[in-house]
Protein chains: 2
Amino acid sequence: MQSALEMQNGSHYRDAHLRIDFERRAAALDSKPLILTVKEFDLLAFLVLNAGMIVSPTALLTHVWGYSTEVRTRTLDVHLSRLRKVLRPYGDVYLERVFRVGCRFQPCGRELQMTA
Amino acid sequence: MQSALEMQNGSHYRDAHLRIDFERRAAALDSKPLILTVKEFDLLAFLVLNAGMIVSPTALLTHVWGYSTEVRTRTLDVHLSRLRKVLRPYGDVYLERVFRVGCRFQPCGRELQMTA
DNA sequence: GCGCGCTTTTACAAGACGTTTACATGTTGT
DNA sequence: ACAACATGTAAACGTCTTGTAAAAGCGCGC
């Protein structure tokens with residue numbers, strides 16, 4: 001079953017620590033491959049593709065999980081926590097939580113342009 | 001009846017342990033000829049020709065078996081297990097399974113160029 | 001400082017997925 | 001006709017993912 005997130009072909013992300021290949025669904029931190037589950041990757045990808053913007057929990061649950069609005073769950077929170085763990089020691093830097101508003105992916109250091 | 005996989009003529013594969021002659025449909029592990037069934041060879045050949053790339057079960061069932069998509073079967077899994085057995089003791093190294101994503105052939109040691 | 005609600009983290013359970021073995025059936029060779 | 005082989009499938013079991021509960025920490029308004 002295809003994940004809720006639909007990716008553009010052949011795109012990459014890279015900054016000081018993190019590299020993501022959206023097509024191959026691969027990521028690396030400081031050149032070390034990250035082992036991500038399907039959901040973890042989808043969540044990370046969505047946040048990175050909206051880098052710098054605060055995304056609401058509702059938007060995340062809708063786009064990444066395919067949930068309808070008005071679903072009360074801590075699923076997203078748990079996954080954000082897992083992702084922070086995977087992205088240690090930069091987890092707290094990359095994944096910034098804004099109280100009662102949402103979450104934002106904060107690029108680290110020198111960010112290169114997304115390339116196609 | 002020709003298998004679903006159509007092979008290029010006269011090509012070879014070779015790495016530290018494995019040699020494959022796609023034209024003669026022959027393979028050897030550490031210089032010892034492998035006894036492969038038609039299906040086993042087709043599966044191995046397809047994976048080797050896509051070496052390094054994760055191939056989805058759907059792609060494998062479509063290309064190697066000629067099945068349409070949406071076929072629910074454990075046929076592929078059983079064949080991967082058989083192939084791993086044939087490729088012992090390197091089976092687990094060559095045939096890497098990525099959970100919920102697919103399978104990848106991982107070349108072993110020094111890999112020579114595929115030759116035509 | 002307190003109360004309330006939000007967030008983080010961990011542990012657990014359930015379901016999905018993957019591996020392996022055994023069996024059944026069809027095919028092929030003698 | 002029979003034996004051997006190939007291959008699909010079921011079933012048992014192991015592994016992994018993911019949703020959720022719960023405990024604890026934190027933010028904010030009063």
Separation of [N] [atom2] from [X] [atom1] (nearest whole Å):
{"X": "B/Arg88", "N": "C/dT19", "atom1": "CZ", "atom2": "P", "answer": "14 Å"}
{"X": "A/Leu76", "N": "C/dT8", "atom1": "CG", "atom2": "C1'", "answer": "12 Å"}
{"X": "B/Asp77", "N": "C/dT20", "atom1": "CG", "atom2": "P", "answer": "10 Å"}
{"X": "B/Arg72", "N": "C/dG15", "atom1": "CZ", "atom2": "P", "answer": "15 Å"}
{"X": "B/Asp92", "N": "C/dT19", "atom1": "CG", "atom2": "C1'", "answer": "10 Å"}
{"X": "B/Arg74", "N": "C/dT21", "atom1": "CZ", "atom2": "P", "answer": "16 Å"}
{"X": "B/Leu83", "N": "C/dT19", "atom1": "CG", "atom2": "P", "answer": "12 Å"}

*What's the closest nucleotide to the B/Arg97 side chain, out of C/dT21, C/dT8, C/dG18?*
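Output: C/dG18.
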*asked:* Determine whether B/Asp77 and B/Arg74 satisfy the following criterion, salt bridge (Lys or Arg N to Asp or Glu O under 4.0 Å), listing intermediate values before the conclusion.
replied: CA-CA 5 Å; B/Asp77 307 299; B/Arg74 303 240 68 93; 2.8 Å; yes
*Please tell me which of A/Thr73 and B/Lys39 maps to the more 5' nucleotide of DNA chain D, matching each residue to the nucleotide holding its nearest heavy atom.*
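Looking at the nearest nucleotide for each, B/Lys39 comes out on the 5' side.
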_Which residue lies more 5' along DNA chain D, comparing B/Arg82 with B/Phe99 via nearest heavy atoms_ =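 In this pair, the answer is B/Arg82.
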*Flag the pair A/Tyr94 / A/Phe105 as yes when their ring centroid distance falls below 6.0 Å, and as no otherwise.*
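Centroid separation for A/Tyr94 and A/Phe105: below 6.0 Å.
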*Ring centres under 6.0 angstrom apart (B/Phe41, B/Phe46)*: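 Here the rings of B/Phe46 and B/Phe41 have centres that are no less than 6.0 Å from each other.
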*asked:* Pair A/Arg97, A/Asp92 - check salt bridge (Lys or Arg N to Asp or Glu O under 4.0 Å), show working.
replied: CA-CA 9 Å; A/Arg97 196 64 187 259; A/Asp92 288 330; over 6 Å; no
_Need one value for A/Arg84: base, sugar-phosphate or nothing, where a base atom within 4.0 Å counts as base even if backbone is also close, heavy atoms only._
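Sugar-phosphate only.
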*Counting any heavy atom closer than 4.0 Å, what does A/Thr75 reach on the DNA or RNA strands: base, sugar-phosphate only, or nothing?*
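Here A/Thr75 touches the bases of the nucleic acid.
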*asked:* Students often mix this up, so state it plainly: with edges at 30° and 60°, are the rings of A/Tyr90 and A/His17 parallel, tilted or perpendicular?
replied: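 Ring orientation of A/Tyr90 relative to A/His17: parallel.
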*Provide the start and end nucleotides, 5' to 3', of the part of DNA chain D that has atoms under 4.0 Å from heavy atoms of chain A.*
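So the contact region on DNA chain D extends D/dT17 to D/dC28.
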*5'-most contact on DNA chain C: B/Val101 or B/Lys85, nearest heavy atom basis?*
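The residue closer to the strand's 5' end, by nearest nucleotide, is B/Val101.
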_Gap between atom OG of A/Ser11 and atom CG of A/Asp21 - 0.5 Å precision_ =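 Rounded to the nearest 0.5 Å, the CG-OG separation comes to 7.5 Å.
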*Say you draw a straight line from CD1 of A/Ile54 to SG of A/Cys103; how long is it, rounded to the nearest 0.5 Å?*
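It is 9.0 Å, given to the nearest 0.5 Å.
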_Residues A/Tyr67, A/Thr62; criterion side chain to side chain contact (heavy atoms under 4.5 Å, CB included); working and verdict_ = CA-CA 5 Å; A/Tyr67 284 173; A/Thr62 300; 5.8 Å; no
*Do other residues, nucleotides or ligands put more than 12 heavy atoms under 6.0 Å from B/Arg104 CZ?*
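More than 12 heavy atoms, drawn from other residues, nucleotides or ligands, come within 6.0 Å of this atom.
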*Degree of bending in the helix from C/dG1-D/dC30 to C/dT30-D/dA1 once both end axes are built from five pairs, to 10°*: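 Result, rounded to 10 degrees: 30°.
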*Determine: side-chain N/O of A/Ser81 to OP1/OP2 of C/dT9, distance under 4.0 Å, yes or no.*
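For A/Ser81, the contact criterion (side-chain N or O under 4.0 Å from OP1 or OP2 of C/dT9) is met.
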